[in-house]
Amino acid sequence: MESRKVTKTLEDQWVVERRVREIYDYFYSISPNSLPNLIELERDKHFDYLSQGLRKLGPSFSVLDASRPWLCYWILHSIALLGESIDAKLESDATDFLTRCQDKDGGYGGGPGQMPHLATTYAAVNSLITLGKPEALSSINREKLYTFLLRMKDASGGFRMHDGGEVDVRACYTAISVANILNIVDDELIHGVGNYILSCQTYEGGIAGEPGSEAHGGYTFCGLAAMILINEVNRLDLPGLMDWVVFRQGVEGGFQGRTNKLVDGCYSFWQGAVVFLIQRLNLVVHEQLGLSNDLSTESADDSSESELSDEEEHLEGTSSHVQETFPLGQEGAGQDNASDSPKIADTGYEFINRPIAMQPLFDSMYLQQYVLLCSQIEVGGFRDKPGKGRDYYHTCYCLSGLSIAQYSWTDEADSPPLPRDVFGPYSKCLLEQVHPLFNVELDRYYEARKYFSGL
């Protein structure tokens, strides 16, 4: 009998499992009375770590010179999720810096005078929206930014990251996200985007960065979110996507980014948000599975119920009050007046305010347990996994994923989760809610939408 080949990845997986098991064994061995102190979200220490980074970074960060708007976003967004704020001087300094990153011909570079890039444009815009003051929002030159987005438009229907740069799903998402949240999206920008993203969905069900590549959690989020924002999500194979993403939650409780890869705290958001988005796509999923959407009037007999697959049984638990809404991608279908259809720029608002009609397709408590026990650093910040160091990127996406998991059982936007749905002491661990399509704090999104809708 041929022995199983032990690969480097398999060895690394065993190491991670052992480290996580040690943490969980200790957690389950202590007295229940001591648990609240063990699983507390270290808010003050996280805030100190983040605010210090916003004021001054060490020389080792020079390698991230072209990513400074990202550092602003990761830090500012994390602070917003903690329900904290920075002082007026620091807000003004951050706004001034991001304004100096804005190119005279539109878009934002990685620093003042650097080439505009879609990734840093997304980070800069989200940072300014998170800052939220009129000074920050009014600094965005939407007309020039729209011109930049059009310049990045590729003949394939997708977008390229910068002049002469790569065309991929990440570019599609960042362009559409920015255009939508700034209320400058139009038919010219979205033309062909759906075709490009559809060509990137793989046989696994997830979405790759470009046609022919491997399905990946980050690109899957970008592709799914972009398709929702352009009202074409019904073109994706959602049951296949669901099959792929639910198996990405590992034995540790966290998510992996690709098949047979290690768990990583950042995928708490990238994969967790994918599942959270699917929860609001009930009608489209039902249609693709051939299930009735009029579940409130149906009463299947025992024999037919026994023939349902596990996936179908899960979906049959849908709330009946969502039947009056259109599935995304089919708004206005059959209407004589096209103007009756929602504006593309309203998609993000309409989407977050529709009821969650499906139970979470992942173990939300187990994910929260991984983030708080295995990714959280006691002195502040979050990490990829045990054995790794903290950084601002993982702090941002671990907190974003933690928020996603906490709110995954809520019926409507702006509704706080029940204490039973939050891992750890409710008052100590509960975060602010994120908008899952843009990954900005929800109240900051509402404020930005109101501001830009009036322009």
Stepwise side chain to side chain contact (heavy atoms under 4.5 Å, CB included) test for Phe351 and Leu281: CA-CA 9 Å; Phe351 185 83; Leu281 297 174; 3.8 Å; yes
Fit a plane to each ring of [X] and [Y], take the angle between them on a 0 to 90° scale, and name the class: parallel (under 30°), tilted (30 to 60°) or perpendicular (over 60°).
X      : Y      : value
Phe221 : Tyr173 : perpendicular
Phe27  : Phe423 : tilted
Tyr24  : Tyr28  : perpendicular

Okay, side chain of [X], backbone of [Y]: is any donor-acceptor separation there less than 3.5 Å?
X      : Y      : result
Gln52  : Lys56  : no
Ser29  : Tyr26  : yes
Thr395 : Phe382 : yes
Tyr366 : Gly250 : no
Gln249 : Gln271 : no

Applying ring pair (Phe, Tyr, Trp, His ring centres under 6.0 Å), can you list everything that pairs with [X], at least two apart in sequence or on another chain?
X      : result
His216 : Tyr219, Tyr267
Phe452 : none
Phe159 : none

Steps toward side chain to side chain contact (heavy atoms under 4.5 Å, CB included) verdict (Thr120, Cys101): CA-CA 9 Å; Thr120 46; Cys101 292; over 6 Å; no
Taking salt bridge (Lys or Arg N to Asp or Glu O under 4.0 Å) as the cut-off, I'd like each qualifying pair that reaches into [range], sequence neighbours left out, listed once.
range            : answer
residues 387-402 : none
residues 60-80   : Asp65-Arg68
residues 248-273 : Glu214-Arg258

Passing candidate, side chain to side chain contact (heavy atoms under 4.5 Å, CB included) with Arg444, options Leu76, Leu131, Thr130: Thr130
Separation of [Y] [atom2] from [X] [atom1] (nearest 0.5 Å):
X      : Y      : atom1 : atom2 : result
Ile207 : Leu198 : CD1   : CG    : 8.5 Å
Ile344 : Glu350 : CD1   : CD    : 11.0 Å
Ile377 : Cys398 : CD1   : SG    : 9.5 Å
Ile129 : Glu441 : CD1   : CD    : 12.0 Å
Thr174 : Met161 : OG1   : CE    : 4.5 Å
Leu402 : Gln368 : CG    : CD    : 5.5 Å

With [X] via salt bridge (Lys or Arg N to Asp or Glu O under 4.0 Å) - residues at least two apart:
X      : result
Asp12  : Lys8
Asp93  : Lys89
Glu204 : none
Asp168 : Arg170

Under 3.5 Å side-chain donor-acceptor pair for His46 and Gln376: yes
Distance-only side-chain donor-acceptor flag, Tyr73 / Asn439, under 3.5 Å: yes
Does the side chain of [X] reach to within under 4.5 Å of the side chain of [Y], using non-hydrogen atoms?
X      : Y      : value
Ile278 : Leu224 : yes
Leu455 : Leu182 : no
Ile404 : Pro436 : yes
Leu149 : Leu118 : yes
Ile181 : Val125 : yes
His394 : Ser375 : no
Leu82  : Leu50  : yes
Leu145 : Ile184 : yes

Minimum heavy-atom distance [X]-[Y], with the two atoms named:
X      : Y      : result
Ser127 : Cys72  : OG-C, 3.6 Å
Leu229 : Ser177 : CD1-CA, 4.1 Å
Leu262 : Lys385 : CB-CE, 3.9 Å
Ile228 : Thr347 : O-CG2, 3.1 Å
Cys374 : Ile23  : SG-CD1, 4.1 Å
Asn180 : Ala345 : OD1-O, 3.5 Å

Crowding at CD, Glu378 (>12 non-hydrogen neighbours, <6.0 Å):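 No, the 6.0 Å shell around CD holds no more than 12 heavy atoms from other groups.
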Within 6.0 angstrom of Tyr349 OH, more than 12 heavy atoms from elsewhere: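 Atom OH in Tyr349 is not packed in, count stays at 12 or less.
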Single hit among Gln279, His286, Arg280 for side-chain hydrogen bond (donor to acceptor under 3.5 Å, both in side chains) with Asn282: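 Running side-chain hydrogen bond (donor to acceptor under 3.5 Å, both in side chains) over Gln279, His286, Arg280 with Asn282 returns exactly one hit, His286.
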Centroid-centroid distance, Trp270 to Phe255, less than 6.0 Å: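 That pair fails the under 6.0 Å test.
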CA sep, side-chain torsions, deciding dist, call: Leu128, Tyr108, side chain to side chain contact (heavy atoms under 4.5 Å, CB included): CA-CA 12 Å; Leu128 291 164; Tyr108 292 79; 3.6 Å; yes
Trace of the side chain to side chain contact (heavy atoms under 4.5 Å, CB included) decision for Leu90 with Arg55: CA-CA 8 Å; Leu90 200 52; Arg55 287 185 170 86; 3.9 Å; yes
Qualifying residue, where the test is ring-ring contact (aromatic ring centres under 6.0 Å, His included) with Tyr393 and the options are Trp74, Trp70, Phe61: Trp74
Contacts of type side chain to side chain donor-acceptor pair (under 3.5 Å), residue Gln433, not counting sequence neighbours: none
Listed partners of Glu17 passing side chain to side chain donor-acceptor pair (under 3.5 Å), at least two apart: Gln13
